[in-house]
Each structure stands twice: as structure tokens, then as C-alpha cells.
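First up is the structure itself, then whatever we jot down about it.
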Amino acid sequence: MPKYFFRLLALALVLVIGNVGFLAFGVADEYGRDDFPAEFVFGSGTSAYQVEGAALEDGRSFSIWDAYAHSGFCDGANGDIACDGYHKYKEDIKLMVDTGLEAFRFSISWSRLIPNGRGSVNEKGLQFYNDFINRLIAHGIQPHVTLNHIDLPLILEDEYGGWLSRKSVKDFVAFADVCFREFGDRVLHWTTFNEANLYALGGYDTGSSPPGRCSSPFGYINCSRGDSTHEPYLVAHHFLLAHASTVRLYREKYKAMQYGSVGINLLAFWFEPYTNTIQDVKATQRANDFYLGWFLNPLVKGDYPETVKKSAGNRIPTFTKLESQKIKGSFDFLGINHYTTLYIKDNPNDLETDTRDVYADMALIYSGIEFPITEFPVIPIGLEKLLNHLKEEYRNPPIYIHENGQVQARNGTLMDTPRVEYLHAYIGAVLSALRNGSNTKGYFVWSFFDLLEMVGGYNYGYGLYYVDLDDKELTRYPKLSAHWYANFLKGNNINVIIPKVKLKDSFSN
Ligand code: FCB
């Protein structure tokens, strides 16, 4: 599409915002940035492979995500160039400043920093992340760093099977050590794994994310290697051990000097029973045990939930007493990625066979998302209930909502009214949850740009900014949502729907 088309559209948006304001949404309640505590942070985010490009430049080596994308998944797209964030970061940080971001969430590409997976540090990689962090801080934007966003160096996958091997724990901790040592004087918020639960499920059960392992009949792809019945449990176990060791390292070696905090991130749906039968209500609890409890029970209570252990039997590894002690309490905050609410129906048939994957172990059917996902239904009360559930069940941990946002087909429109409505509603839900005592500390819109998406490649986007892929310069254009978010962050009062629905008593039992 020609450049001037977007310029005109961008101008039109400014006019729309200037003249009509937000009356167009015709909503009831009003609140502004000021209604949130001053220390609560609002930001947006990306991840390394999804934006950086420069895939083999300045010494970077491939990660499992490069390999996955180059095998044709991600709708045949790859991150060789992506948004060219590696070269355009100065311009991008300027856009973050224009938008009024208070924090920015991004990940460090392990294979850019340590191309052999362990050992020597790549000076060019170091320089890139140092410049990036320094520039954010110079503009008053807090860096929130994820250490692993599905991009283990491919060399370690090839050498010993990546996360399937316990060797990955040692290499991950050594990588984290380099990050803390080099960047920890400026970075205060560290997340070990992005969506640790989905990493295990997508990567090793259904094959729908890197490294794309699965076994028939469980995969969503053609499974050429893997074991969906055992591997997800094994890698999840290694994630927990790697996470706990990383936190211990930070607490023992860095915390007293750097004062930062380390957490882990999980994909967190809200689940509602499809009917109010006892079976569906119990199945809903099981869904929570599998998605959240699988990681949070060990982190808060020292062991996997009984329901998960019962279904998985001897396929789920056990923690030694020492490991359990080490994992319990090993997080300063929980990061959650929340997009929508799903409806859960009991499906006991799944348990009738002995050869089961994790999904069969859950013994449920869920509905609420249609594939391909074109837009998420807007159910903000789901986020409010989720935050309340975390408060009730897991001792009200500090929470960062690391990802929340609306997907749309990437058809060139900058007029993303559905995204504005979605953000309106979900930020309102966060405020309601805070008023109900949730310990939520921050909120990040996914994503700052339209970028490479695992599901849909470049055909779908969540961005506040559109990136014109037909333009050699990969010019960025603010969508309506970018203007809206900027207005909100700059303290202009906006009309926002605060969900009025009363919380049900039954959901947290
Ligand atoms: C999450 C990922 C993120 C992004 C969104 C849409 O699962 O963490 O990288 O692709 O989904």
C-alpha cells in the first residue's frame, strides 16, 4: 500500500481523536490514569524474535523459534527481518515516548547474547541490549526483561535436546547470570520464562510452538518427533528447576546490590463452567489446576496439584525434598498473559485410555475461541475474576499483566476501534480488581507493534502501531489504539466501562 495512504489515515485519526474525543464510545463511567496508584506501571511489549530481525547479523545464531518458523509454521512467515527492531530501536523508543509508556517489556535473545548457548558473550549483542536499556531509561521508561520468550539457542536443542535435558537448567542459569551481571544495574524487573505453561504444551504436546515436538495422535501439526504423553511434564519440571535456580542466584549474588525482582510468566485464561453441573464446575477447577496450578502450586506450596498428579500418574516427575524447598517461594511476582475467557465442559471419556497427553489428562472440552481467531470476545469480568482467583488461591502475589490485547486481521486499517473497546474494558477490569484488593502492579498491552505472530505470522496483529511490510523502510503508523492509550497515559480523562457484574462466589472454590 502506498505510503501516503497511511499518512492520510494517520492524519484522519488525529482529527477524529481531536474532535470527537471518546464520546463516540458512549460509555458510562469515567476514570483516568490518576485512579490507579502512582507506582502502578502501564506499558506495552514485544519479544526478541518477533521484532528484532537481523537474524544472523552481528554474530547472532539461530534459536528454536527460527528453526520452527523456517520449517513453515507461523503461516510460512519468519523473523529474519520482522520489524527490523534491531536497527530501528532508536526510532521505536521515540514512539514509546510519544505514546507515554511508563514501562516496556521485551526479551533478550539468548542466541544473540551467547551464540554458542554457553561460554563467550557476543560483544555486539551486549552493546545492542545495553544501548536499548540505556535509551529506555534515559526517557524514563522502565525496562521489564524476559529472559526466555520461546527462543532457546538451537545449538543446545541440537546438542542435548534443549529443555528435555536437565543440562538446560545449568545453561539457562549461566545465561541469566550474564544478564544480571551486565544489565542488572539498570533492570529491576526480570521474568525467567514467558508462558512457561504454554511453552510446555505448545512445544511438546501439540507441537504448535517451538520446538514443535509432538506424537500422534496428539499434535496439531504432523508430528515427526516427540512424545506428547511424557515430554510436556518433563520440560515443565525443568522450567521450574531452572526458574528456581535463577531466582536463588539473583537473591544470593545480586539482590543486595541491584534491588530488583524476579518472576515467571504464565498464560492465564479465565475458565467458566459451561453449565453449573457439579461435573462442569469440577472440570473448570481442573482446568485451573492444569494451567495455573501446574506451576503455581510448586511455587507457592512446593508441589504439583493433587489433580494433576492423579491424572498424570508416573508421567509427571517428582520433586526431591530439597527441590521442593528450593522452588517454594521462588518468585517475587507472577506475570500473566490474559486474552480471553473459555467455557469448560467435563469430558470423562478422555480418561478411559492409558495413552494420554496433558490435554487428555485434563479431561475437558473447552469452547470460547473459534479458529482461526479473528477477534477475541470481550469479557473483562474474566480478567477481574482471574485476578481475584490468584488473590484467593495463591496468597495475593504481586502480579504484572504482561500481555493483554486484541487480535485483528492485518489488513492495513489504522481504525482499530475494536481494540480500543477491548483495552477500555480490560483496563477497567484491572481497576475493579485493584479496588477489590488485588496486588496487581502493572499492565502491558500486547503488542507495541504488529509483529511476527506464532499463530498467523504477519496476517494477524495486536499492535498499537501498524508496520507497513510493503514499505522497504518498514514505516510504523499509530493506530487509533495508540492515540487512545497515549491519551489515557498522559492523564486525559476518558470514558471507560468499569464492569459492574458482581463476582460469583463459586468460582474460587
Ligand atoms: C502469547 C505470546 C506472545 C504473542 C501473543 C499473541 O502467547 O507470549 O509472544 O504472540 O501470545
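Each ligand, and each atom within it, is numbered from 1 in the order the structure gives.
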*Lys/Arg-Asp/Glu bridge criterion (N-O < 4.0 Å) met for Lys124, Glu57*: no
*Every residue of the protein that comes under 4.0 Å of ligand 1, judged on heavy atoms*: Gln50, His149, Asn194, Glu195, Asn337, Tyr339, Glu403, Trp446, Glu453, Tyr462
_Donor-acceptor pair between Asp58 and Tyr86 side chains, under 3.5 angstrom_ = yes
*Taking the six-membered ring of Tyr458, is NZ or CZ of Arg410 closer than 6.0 Å to its centre and within 45° of its axis?*
no
*Do the charged groups of Lys94 and Asp98 touch, with an N to O distance under 4.0 Å?*
yes
*Determine whether the side chains of Asn78 and Tyr68 contain a donor N or O and an acceptor N or O closer than 3.5 Å.*
no
*Do side-chain atoms of Ser111 reach the backbone of Ser61 as a donor and acceptor pair under 3.5 angstrom?*
yes
